[in-house]
Amino acid sequence: MKYFDYYNPTRICFGENRVKDINALIPDNAKVLILFGGNSAKKAGTLDEVTNALGKREIILFGGVEANPTYEKMMAAVEIVRKEKIDFMVAVGGGSVIDGTKFVSAAALYQGEPWEIMTTGGKKISKTIPFGSVLTLPATGSEMNCGSVITHKAKHAKLSFMHPGVYPKFSILDPTKTYTLPKNQLANGIVDAFVHIVEQYLTYPTNAMVQDRYAESLLLSLIELAPKVLTDELDYNSRANFMWVATQALNGLIGAGVPQDWATHVIGHELTVRYNIDHARTLAIILPALLTVQQDSKKEKLLQYAKRVWNITKGSDEQIIKACITQTTEFFNSVGIKTSLTDYDINTDEIPEIVNQLKEHGMTALGEHKDIDLKISQRILETAL
Ligand code: NZQ
Ligand code: ZN
């Protein structure tokens with residue numbers, strides 16, 4: 001196991017009817033900006049619950065945060081925060097609203113042009129504005145981590161930053177908030193969480209027994225939960241378990257002390273920027289192709305994954321690896337998510353352009369060994385056709 005520091009200061013308030021508890025978690029005299037997306041939080045009544053819970057505090061609402069939040073939109077919130085001297089924020093929504101709020105948290109107090117936060121990965125952040133979240137979509141884990149992904153529309157760039165100052169102070173995880181989610185968003189959440197786990201697990205062995213077994217238990221839980229989450233019946237227990245798996249998938253615990261491979265996400269981000277494909281759907285396209293291309297360096301963990309997650313033990317190593325990648329693809333298909341570039345009308349002649357984007361964004365040494373250069377990314381994209 002590698003050296004690690006593990007620090008996660010986010011308070012999780014889990015269970016039904018917890019929104020009211022934010023009253024005790026925000027200073028009485030705080031001036032609060034509430035950020036939300038399109039109409040879903042309003043329609044479901046969650047926004048009203050949040051404003052009621054804040055009682056007499058002065059509040060300002062900021063709506064319209066897009067899926068894949070943009071620098072352009074979030075800078076409008078930064079202006080409000082600066083002008084109105086906001087000292088606390090509440091994000092009501094999925095990963096996009098929470099990520100957007102994290103950007104505002106750092107950008108409002110940033111010395112310099114805030115896009116630099118993204119191009120430097122958050123390295124120069126000194127101060128942040130505190131915020132909490134009310135999660136409405138289990139998927140990204142943003143509710144309990146210090147990462148954020150922002151798109152610069154004009155620059156055609158989707159980049160991420162991390163900083164300990166942007167851990168949410170609290171996150172409300174009420175599984176009933178997922179009841180209004182359409183099936184395509186539930187499926188996105190299942191796949192996004194699955195891929196987060198895989199990217200911290202399927203690298204090379206480092207004798208990290210706890211992280212491995214924990215990652216496997218999260219994967220097995222997701223596989224068992226997927227059909228239950230996607231039925232028409234609203235089952236509290238399935239939603240509760242799904243919500244907690246998605247949070248645990250990316251709150252730093254399974255990734256502590258182990259190598260990680262975020263190449264699927266990085267290549268996926270280029271597909272979202274270029275073709276506006278949902279985040280999770282880009283991952284379902286890239287992951288099986290990446291596992292295929294990188295199977296030699298991932299061999300031992302692929303065999304472990306095959307055995308412990310998919311119960312595949314018969315055949316040569318090569319056959320076992322092929323079978324577990326097929327199972328992964330079939331799992332994504334089973335929740336209604338397609339896994340080929342051609343399913344999105346993206347053909348061979350587009351690939352050089354995607355590779356060019358990776359180059360422009362400096363994504364030339366990816367993966368747990370930093371050996372995924374532009375040539376290998378190209379091969380991964382060709383395998384994903
Ligand atoms: O905008 P509204 O009307 O709220 O609708 C949203 C949005 O259209 C809707 N929705 C959310 N909760 C709902 C609901 N609809 C009905 N009922 C509810 N309860 O769902 C749509 C998608 O929401 P979004 O927040 O965009 O989805 P998700 O949570 O999947 O977030 C995706 C973003 O997170 C980033 C992605 O890159 C993408 O930009 N990621 C962030 C990460 C992190 N911070 O750690 C890690 C991830 O890998 C990911 O990259
Ligand atoms: Zn993701």
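Counting starts at 1 for both ligands and their atoms, following the listed order.
- Between the side chain of Glu79 and the backbone N or O of Ala76, no donor-acceptor pair lies under 3.5 Å.
- For Val97, no nitrogen or oxygen atom sits less than 3.5 Å from a nitrogen or oxygen atom of ligand 1, counting backbone and side chain alike.
- Closest heavy-atom contact between Leu159 and Met363: CD2-CE, 4.2 Å.
- Proximity to Ala67 (heavy-atom distance under 4.0 Å) selects the following atoms of ligand 1: 26 (O).
- When atom types are taken as modelled, the side chain of Gln319 and the backbone of Ser316 share a donor-acceptor pair closer than 3.5 angstrom.
- A single hydrophobic cluster is seen to contain both Val335 and Leu218, as judged by linkage of ILVMFWY side chains at heavy-atom distances under 4.5 Å, directly or through other members.
- Within a 4.0 Å radius of atom 32 (C) of ligand 1, the protein contributes at least one heavy atom.
- Which parts of ligand 1 touch Lys158 is read off a 4.0 Å heavy-atom cut-off, strictly below it: atoms 36 (C), 37 (O), 38 (C), 39 (O).
- Taking the six-membered ring for Trp and the full ring otherwise, the centers of His269 and His361 sit at least 6.0 Å from each other.
- Ion pairing between a basic and an acidic side chain is recognised when a charged N comes within 4.0 Å of a carboxylate O; Lys299 and Asp296 show no such pairing.
- In terms of protein heavy-atom proximity, atom 49 (C) of ligand 1 is nearest to His279 NE2, 3.2 Å.
- Excluding waters, the protein N/O/S atoms found under 2.8 Å from the Zn ion (ligand 2) are Asp192 OD1, His196 NE2, His265 NE2, His279 NE2.
- Between Gly147 and ligand 1, at least one pair of N/O atoms sits closer than 3.5 Å.
- Atom 8 (O) of ligand 1 lies below 4.0 Å from none of the non-hydrogen atoms of the protein.
- Two rings, from Phe331 and Phe194, have their centers less than 6.0 Å apart.
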